[in-house]
Amino acid sequence: MNVPAPILSPDQADAWDALAEAFGASGIDLIAEELHPPQPGNGRVMAVIGKAGSGKTLLLSQITKALRDAGVEIVSGDYEGRRRKDRRSVAILAPTNKAAFVLRMRGVPATTIHRILYTPVYDPEYEKLAEWLTGTGDRPAVEGMTESALDRAKAFYDQHTSIPGALAAAGLRGSDFIRGWKRREDALDVGLIDEASMLDEKQFEDLREIFPLLVLFGDPAQLAPVGQSGEMVFDKLAPAQRLVLNRIHRQADDSPILDLAHALADEGLTFEGFESLIRAAARRDDRVVWAERVESDLMARSPVLVWRNATRIRLIHAFRAAYGAPGDALLPGEPLICDGLELPLKHRKKRIDLEARGLIKGAQVVYLGPGRKPGFSRLHVIGAEDPRLSAASIVKIELPDEEEPFIPYAARMGATFLHGAAVTIHKSQGSQWPDVQVFGPDISAAAWSNRTEAGIPLWKRLAYVAITRAQERLLWVTKARLARPTAPLGTDDLEGLVADLALAAYEE
């Protein structure tokens with residue numbers, strides 16, 4: 001059954017026309033569905049800018065579909081076949097695993113910026129299989145694989161367009177067909193970048209080197225990257241390069257969360273007035289909750305969003321105490337946030353392996369248990385296409401009123417982690433969760449500080465970013481209290497998040 005194409009509003013249609021003109025100038029005709037070789041000349045950057053609910057994701061998905069219909073190939077980061085002179089390609093990228101995962105759940109084949117910087121090196125035997133799945137080769141005969149296994153791989157790929165997922169459906173593990181990773185050497189073609197408000201200047205310049213045509217999708221009301229004085233990279237573009245979406249396209253169920261987000265644009269709105277709006281919304285709609293305590297059950301997968309670091313540390317300590325976590329170890333199911341990789345230059349290949357698998361700074365991770373070697377941990381990377389891995393870990397759990405963190409696991413080098421039961425609103429950008437708890441007293445403290453960012457009261461920016469992380473339900477927490485958990489921590493819920501590919505051990 002064909003699904004009718006969505007009707008674009010006037011501002012979306014104007015943006016579509018401007019983007020179609022830019023694609024046409026680069027040799028991609030969306031109307032005639034014709035492709036021509038890339039045109040020489042300077043690179044071009046466009047930006048689609050709008051607040052939550054303005055239709056950026058709808059426009060991104062429709063542009064992706066039109067590019068596909070015109071014959072433009074999607075570069076996913078999973079596998080790239082042999083280059084052709086007439087090939088035109090597009091990559092849909094996001095700064096974080098979770099942001100890419102949110103897009104994939106909406107039918108947009110997105111991957112992370114980091115993943116596209118590295119390409120997998122496939123075993124030659126299984127490269128034939130990848131070529132067949134992508135339509136560039138004949139059905140292969142692979143030793144040890146039955147015809148039914150090949151059929152399962154093809155059925156999975158046709159539905160999900162994932163090479164690793166398809167090979168896993170055929171009974172293979174990543175370590176069977178991927179021999180390593182290499183840094184991308186050649187430039188790509190078209191890049192569509194979601195959550196562009198998170199990009200810093202260096203990332204922006206890196207992307208401009210890779211993509212001759214770059215389209216940014218961003219929200220001007222979010223928090224700018226640290227150190228950029230409240231400016232986003234698209235703020236410096238010329239007016240003709242900035243396509244602004246003004247109309248608010250409400251969700252089909254008329255979201256009260258979006259209503260609250262856009263109420264923050266009222267210059268006369270005070271913090272007290274905003275909390276009154278939240279109270280009123282909570283009385284009308286159960287998707288907004290006026291909560292007098294933090295729900296510890298939600299913290300295991302959806303961190304409490306806070307402004308102050310001291311609040312974050314106290315909430316993490318309370319969470320671990322509520323679940324009876326021991327002082328010298330982690331419980332399976334505890335949430336972590338990757339804080340980077342501490343590896344010397346001689347282990348560059350290991351760094352590339354881990355980053356390409358999704359273990360990048362800011363990644364949301366769930367601890368599954370100890371690895372086979374001391375200092376290693378089995379991990380589930382939320383939002384990664386192949387989420388299960390094992391890595392040398394340095395886990396730091398900060399304690400209230402203590403300068404030095406407690407370290408339950410400390411390999412000599414490897415991936416470093418902070419606890420993830422609570423995170424700052426800055427670090428939450430690019431992520432969304434079904435249920436989001438916002439710690440209201442911290443937003444109140446920001447309001448009392450009278451601080452501004454780019455001429456806007458800081459508390460309004462914090463509140464906007466925090467509440468728009470909620471996909472279905474917003475809990476506005478008003479007091480520093482924690483509800484007892486209703487069940488022990490576990491990992492059973494992770495099985496349904498992403499196809500569970502076999503663990504790839506990195507314990508060499």
Side-chain angles (χ1 to χ4, degrees), residues 97-98 293-306 311-340 354 358-359 362-384 387-400 402 404-411 414-424 427-428 431 433-437 439 477 480-498 500 503 505-507:
N97 298 307
K98 195 69 189 292
R293 64 188 68 195
V294 175
E295 295 294 332
S296 54
D297 289 329
L298 291 179
M299 293 172 72
R301 299 293 176 267
S302 175
V304 181
L305 305 185
V306 305
T311 305
R312 179 182 68 86
I313 294 171
R314 287 189 171 87
L315 282 170
I316 289 170
H317 184 68
F319 169 85
R320 300 199 78 234
Y323 277 102
D328 59 351
L330 292 174
L331 293 174
E334 286 200 65
L336 303 173
I337 300 291
C338 181
D339 198 40
L354 293 175
L359 203 58
Q364 185 183 357
V365 176
V366 177
Y367 175 77
L368 301 177
R372 292 195 301 268
K373 289 185 178 181
F376 278 76
S377 301
R378 291 183 295 113
L379 306 166
H380 182 107
V381 183
I382 299 293
R388 299 294 178 89
L389 55 82
S390 179
S393 306
I394 305 168
V395 181
K396 303 176 182 177
I397 300 178
E398 297 137 301
L399 300 174
E402 297 284 345
E404 295 297 324
F406 164 66
I407 302 179
Y409 297 100
T416 63
F417 297 95
L418 301 175
H419 206 277
V423 302
T424 61
K427 286 188 178 293
S428 75
S431 295
W433 297 272
D435 302 304
V436 166
Q437 301 183 88
F439 196 72
V477 179
R481 297 176 180 172
L482 183 70
R484 291 184 179 277
T486 59
L489 276 177
T491 60
D492 291 346
D493 60 300
L494 300 175
E495 298 302 322
L497 282 179
V498 184
D500 184 17
L503 281 177
Y506 284 87
E507 301 183 7

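Side-chain atoms are counted along with the backbone in the values below, which use heavy atoms only and exclude waters and symmetry mates. Remember, predicted model here, so these are calculated numbers, not experimental data.
With sequence neighbours excluded, the residues forming a side chain to side chain contact (heavy atoms under 4.5 Å, CB included) with Thr311 are Val306, Arg308, Leu315, Phe439, Asp442, listed by chain and number. Here Asp297 pairs with Tyr323, Thr486 under the side-chain hydrogen bond (donor to acceptor under 3.5 Å, both in side chains) rule; sequence neighbours left out. Residues meeting the side-chain hydrogen bond (donor to acceptor under 3.5 Å, both in side chains) test with Glu398, sequence neighbours left out: Arg312. Looking at residues two or more places apart in sequence or on another chain, you find no ring pair (Phe, Tyr, Trp, His ring centres under 6.0 Å) involving Phe417. In terms of the side chain to side chain contact (heavy atoms under 4.5 Å, CB included) criterion, residue partners of Ala300 (sequence neighbours excluded) are, by chain and number, Phe319, Leu489. Scanning for side chain to side chain contact (heavy atoms under 4.5 Å, CB included) contacts around Ile337 gives Gln364, Val423, with sequence neighbours left out. With sequence neighbours excluded, no residue forms a side chain to side chain contact (heavy atoms under 4.5 Å, CB included) with Ala321.
Contact of the Leu368 side chain with the Arg388 side chain is registered, since non-hydrogen atoms from C-beta on lie closer than 4.5 Å. Using a 4.5 Å heavy-atom cutoff, the side chains of Val366 and Pro332 are not in contact.
Val381 approaches Ala363 most closely through the heavy-atom pair CG1-CB, 4.3 Å. Listed here is the closest heavy atom pair of Gly420 and Pro303: O-CB, 3.2 Å. Nearest heavy-atom pair, Arg301 versus Gly490, reported as atom, atom and distance to 0.1 Å: NH2-O, 2.7 Å. Considering all non-hydrogen atoms of both residues, Pro335 and Ala421 come closest at CG-N, 3.7 Å. The shortest heavy-atom contact between Ala322 and Leu482 is CB-CD2, 3.9 Å.
In this structure, CD1 in Ile313 is found 11.5 Å from CD1 in Ile397, a value given to the nearest 0.5 Å. Considering OH of Tyr367 and NE2 of His380, their distance stands at 16.0 Å, rounded to 0.5 Å. Rounded to the nearest 0.5 angstrom, Arg320 CZ and Met299 CE are separated by 11.5 Å. Remark: Leu336 CG to Ser393 OG distance equals 8.0 Å, nearest 0.5 Å.
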(Q) Please determine whether side-chain contact (heavy atoms from CB on, under 4.5 Å) holds for the pair Leu494 and Ile382, giving the CA-CA distance in whole Å, both sets of side-chain angles, and the decisive distance to 0.1 Å. (A) CA-CA 9 Å; Leu494 300 175; Ile382 299 293; 4.0 Å; yes

Q: Dump the intermediate steps for side-chain contact (heavy atoms from CB on, under 4.5 Å) on Val395 and Leu330, then the final yes or no.
A: CA-CA 9 Å; Val395 181; Leu330 292 174; 4.0 Å; yes

Q: For Leu359 and Val365, run side-chain contact (heavy atoms from CB on, under 4.5 Å): C-alpha distance rounded to whole Å, both residues' side-chain angles, the deciding distance at 0.1 Å, then the answer.
A: CA-CA 8 Å; Leu359 203 58; Val365 176; 3.9 Å; yes

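No donor-acceptor pair under 3.5 Å is formed between the side chain of Thr491 and the backbone N or O of Gly333. Under the 3.5 Å distance criterion, the side-chain polar atoms of Thr416 are left unmatched by any main-chain donor or acceptor of Ile394.
Under the side-chain hydrogen bond (donor to acceptor under 3.5 Å, both in side chains) test applied with His419, the options Lys396, Glu334, His317 reduce to a single match, Glu334.
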